[in-house]
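Residue indices begin at 1 and follow the sequence shown. Only a predicted model underlies this, so the values are computations on that prediction, with no experimental measurement involved.
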Amino acid sequence: MKRIGLIFLLSIFSLSLFSQAAHWKKHPGNPVLEPGEAGTWDDKSLFMPSVLDINDTLHMWYAGSNTTGEGGGIGHAFSTDDGLTWTGNPENPVLNTGPEGSWDENHIYFPLVIYDETNSIFHMWYTGGNASFEEKGGYASST
């Protein structure tokens with residue numbers, strides 16, 4: 001009987017979580033980050049953001065693509081106020097596709113970043129692919 005009660009309570013808890021998740025309200029000022037100017041690495045689209053809060057600064061890594069269909073990469077932006085105003089890293093893209101013939105020569109995206117505060121190192125895992133769209137996982141790090 002206790003097991004049925006526990007399952008019931010867990011079900012109610014799960015339902016309450018799902019009902020809360022369904023009530024997102026979009027910010028009226030969207031989008032908060034837009035593609036770059038014509039001819040840049042991210043002039044077509046930005047997608048798949050990953051955000052970390054480190055010492056009251058939000059850091060966003062995101063995939064970008066350009067209108068030529070070549071290159072693209074992973075960019076970085078930061079927000080020191082409310083997460084609605086972002087400043088792009090002047091070194092963008094911070095991670096480029098690989099050289100011709102490499103496993104990630106065609107595209108890279110899905111950045112997932114964690115910060116190792118002890119060693120002051122960012123660790124990024126990402127997905128990349130070649131011209132045949134053979135997708136694989138990659139890793140990069142940065143101070």
Side-chain angles (χ1 to χ4, degrees), residues 3 5-143:
R3 188 175 201 176
L6 180 61
I7 291 171
F8 177 76
L9 286 175
L10 288 174
S11 297
I12 296 298
F13 178 71
S14 296
L15 287 174
S16 70
L17 287 177
F18 289 130
S19 67
Q20 291 174 3
H23 297 296
W24 286 93
K25 293 179 184 173
K26 290 185 178 180
H27 185 270
N30 280 330
V32 296
L33 188 62
E34 298 199 41
E37 296 183 24
T40 59
W41 70 277
D42 63 347
D43 67 358
K44 182 178 181 183
S45 60
L46 306 178
F47 50 103
M48 301 168 190
S50 175
V51 178
L52 287 179
D53 183 354
I54 302 169
N55 300 324
D56 296 326
T57 297
L58 295 174
H59 295 266
M60 180 193 305
W61 289 269
Y62 56 91
S65 66
N66 57 34
T67 54
T68 65
E70 298 176 10
I74 294 176
H76 170 252
F78 63 92
S79 176
T80 56
D81 49 13
D82 56 7
L84 302 174
T85 304
W86 293 88
T87 302
N89 187 324
E91 296 181 24
N92 277 337
V94 294
L95 188 63
N96 290 298
T97 54
E100 188 175 334
S102 68
W103 68 275
D104 62 350
E105 70 177 336
N106 195 51
H107 55 275
I108 56 174
Y109 52 96
F110 283 119
L112 175 63
V113 179
I114 63 170
Y115 181 62
D116 176 355
E117 193 171 324
T118 303
N119 298 306
S120 301
I121 296 175
F122 292 92
H123 301 274
M124 178 191 296
W125 291 267
Y126 63 97
T127 301
N130 57 24
S132 299
F133 285 88
E134 297 169 337
E135 307 292 311
K136 298 178 182 177
Y139 167 78
S141 62
S142 175
T143 55

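Residues Glu105 and Ala131 approach most closely at OE2-N, 3.7 Å, considering heavy atoms. Pairing each heavy atom of Pro35 with each of Lys44, the nearest pair is CG-O, 3.8 Å. Closest approach of Ala63 to Ile108, counting heavy atoms only: CB-O, 4.1 Å. Scanning all heavy atoms of the two residues, the minimum distance from Ser50 to Pro111 falls at CB-O, 3.1 Å.
Asn119 is linked by a side-chain hydrogen bond (donor to acceptor under 3.5 Å, both in side chains) to Asp116, counting only residues two or more places apart in sequence or in another chain. The side-chain contact (heavy atoms from CB on, under 4.5 Å) test applied to Thr143 returns Ile121, not counting sequence neighbours. The ring pair (Phe, Tyr, Trp, His ring centres under 6.0 Å) test applied to Tyr115 returns Phe122, not counting sequence neighbours. With sequence neighbours excluded, no residue forms a side-chain hydrogen bond (donor to acceptor under 3.5 Å, both in side chains) with Asp53.
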Evaluate the criterion side-chain contact (heavy atoms from CB on, under 4.5 Å) for residue pair Trp41 and Thr97; output intermediate values, then yes/no. CA-CA 11 Å; Trp41 70 277; Thr97 54; over 6 Å; no

Show your reasoning for whether side-chain contact (heavy atoms from CB on, under 4.5 Å) applies to Leu95 and Met124.
CA-CA 10 Å; Leu95 188 63; Met124 178 191 296; 3.7 Å; yes

Practice item. Go through the steps to decide whether Tyr109 and Ser65 satisfy the test side-chain contact (heavy atoms from CB on, under 4.5 Å), and finish with yes or no. Key: CA-CA 9 Å; Tyr109 52 96; Ser65 66; over 6 Å; no

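With Glu134 contributing its side chain and Asn130 its backbone, the two residues share no donor-acceptor pair below 3.5 Å. Between the side chain of Asp43 and the backbone N or O of Thr67, at least one donor-acceptor pair lies under 3.5 Å. With hydrogens and angles ignored, the 3.5 Å screen pairs a side-chain donor or acceptor of Asp104 with a backbone N or O of Gly98.
The closest side-chain heavy-atom distance from Val113 to His59 is not below 4.5 Å.
The NE2 atom of His107 sits 11.0 Å away from atom CD1 of Ile74, with the distance rounded to the nearest 0.5 Å.
A side-chain donor-acceptor contact under 3.5 Å links Asp42 and Thr40.
Sorted by first then second residue, the side-chain hydrogen bond (donor to acceptor under 3.5 Å, both in side chains) pairs that include residues 80-89, not counting sequence neighbours, are His76-Asn89, Ser79-Asp81. Under the side-chain hydrogen bond (donor to acceptor under 3.5 Å, both in side chains) criterion, no residue pair touches residues 27-37, with sequence neighbours excluded.
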